[in-house]
Amino acid sequence: QVQVVESGGGSVHPGGSLTLSCAVSGSTDGINLMGWFRQAPGKEREAVAAIYTGSGTAFYDRLVKNRFTISQDKAKITLYLQMNILEPDDTGIYYCAAAEPWGAGEWNTERRYKYWGQGTQVSVSS
């Protein structure tokens with residue numbers, strides 16, 4: 001089994017920054033893709049960014065590209081999401097997810113990921 005635990009959420013003003021962390025533990029050898037999703041109040045969960053753990057190739061949703069940066073610490077098996085120039089529309093619960101190679105779907109689809117964290121709240125308001 002794989003455990004996924006997010007941290008680093010909080011409340012910030014528009015234009016501010018936050019860094020989310022995601023610690024992954026357990027049987028992690030099979031993990032090849034990790035991603036961040038978010039769910040705003042009253043909306044469906046959507047993909048934010050993802051990274052292939054081997055190559056480091058990263059993907060971003062167009063709404064966060066150039067503001068958010070996904071990165072990883074392979075030694076610590078930890079995923080990060082650096083979020084800059086935050087906007088009120090970035091408010092939501094942010095989830096970390098881990099996928100194995102045989103998952104179906106693209107990086108931005110929930111069905112691609114097998115393991116999910118409980119989420120961490122990010123609130124952006126004046």
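As the structure is a computational prediction, the values presented were derived from the model and not from experiment.
Among residue pairs with one or both ends in residues 37-78, none qualify as disulfide (SG to SG under 2.5 Å); sequence neighbours excluded. Within the structure, the salt bridge (charged side-chain N to carboxylate O under 4.0 Å, His left out) test picks out the following pairs touching residues 25-39 (sequence neighbours left out): R38-E46, R38-D90. Applying the salt bridge (charged side-chain N to carboxylate O under 4.0 Å, His left out) test to residues at least two apart or on different chains, none of the pairs has a partner in residues 47-64. Listed by first and then second residue, the disulfide (SG to SG under 2.5 Å) pairs that reach into residues 58-95 come to none, sequence neighbours excluded.
Of all heavy-atom pairs spanning V4 and C22, the tightest one is CG1-SG, 3.4 Å. For the residue pair V48 and Y94, the shortest heavy atom distance occurs at CG2-CE2, 4.3 Å. When all heavy atoms of T78 and S21 are compared, the pair lying nearest together is CG2-CB, 4.5 Å. The minimum heavy-atom distance linking A50 with L33 is given by the pair CB-CD1, 4.1 Å. For the residue pair Y113 and M34, the shortest heavy atom distance occurs at CE2-C, 4.0 Å. Nearest approach of L81 to A49, heavy atoms of both residues: CD1-CB, 4.3 Å.
Residues forming a side-chain contact (heavy atoms from CB on, under 4.5 Å) with V12 (at least two apart in sequence, or on another chain): L18, L86, V124. Shown here are the side-chain contact (heavy atoms from CB on, under 4.5 Å) partners of S17, two or more places apart in sequence or in another chain: Q82, N84. Applying the side-chain contact (heavy atoms from CB on, under 4.5 Å) rule to T57 yields the partners Y52, S55, F59; only residues at least two apart in sequence or on another chain are considered. Here S27 pairs with nothing under the side-chain hydrogen bond (donor to acceptor under 3.5 Å, both in side chains) rule; sequence neighbours left out. Applying the side-chain hydrogen bond (donor to acceptor under 3.5 Å, both in side chains) criterion to T28, with sequence neighbours excluded, gives no partner residue. For R112, the side-chain hydrogen bond (donor to acceptor under 3.5 Å, both in side chains) test picks out no residue, with sequence neighbours left out.
Atoms OG1 and CZ, from T69 and R67 in turn, are 11.0 Å apart once rounded to the nearest 0.5 Å. Interatomic distance, OG of S25 versus CD of Q1, reported as 10.5 Å (0.5 Å rounding).
Both M83 and Y60 are assigned to one and the same hydrophobic cluster, defined by single-linkage of ILVMFWY side chains at heavy-atom distances under 4.5 Å.
Hydrophobic cluster of Y80: no remaining members, since no ILVMFWY side chain lies below 4.5 Å from it.
The six-membered or imidazole ring of W116 lies near that of F37, with a centre-to-centre distance under 6.0 Å.
For the pair S126/P14, a side-chain contact is recorded, criterion being any heavy-atom separation below 4.5 Å from C-beta on.
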side-chain contact (heavy atoms from CB on, under 4.5 Å) between L79 and I51, worked out: CA-CA 9 Å; L79 185 71; I51 186 169; 3.5 Å; yes
Step-by-step side-chain contact (heavy atoms from CB on, under 4.5 Å) determination, W36 to E6: CA-CA 10 Å; W36 288 99; E6 307 94 336; 3.9 Å; yes
CA sep, side-chain torsions, deciding dist, call: I31, I77, side-chain contact (heavy atoms from CB on, under 4.5 Å): CA-CA 10 Å; I31 302 299; I77 317 179; over 6 Å; no
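Remark: side-chain polar atoms of Q72 are paired, donor with acceptor, to backbone N or O of T53 under 3.5 angstrom.
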When the side chains of residues 95-106 are checked against the rest of the protein, which donor-acceptor pairs come out under 3.5 Å, sequence neighbours left out?
unit_1: E100; atom_1: OE1; unit_2: W102; atom_2: NE1; d: 3.2
unit_1: E100; atom_1: OE2; unit_2: Y115; atom_2: OH; d: 3.2

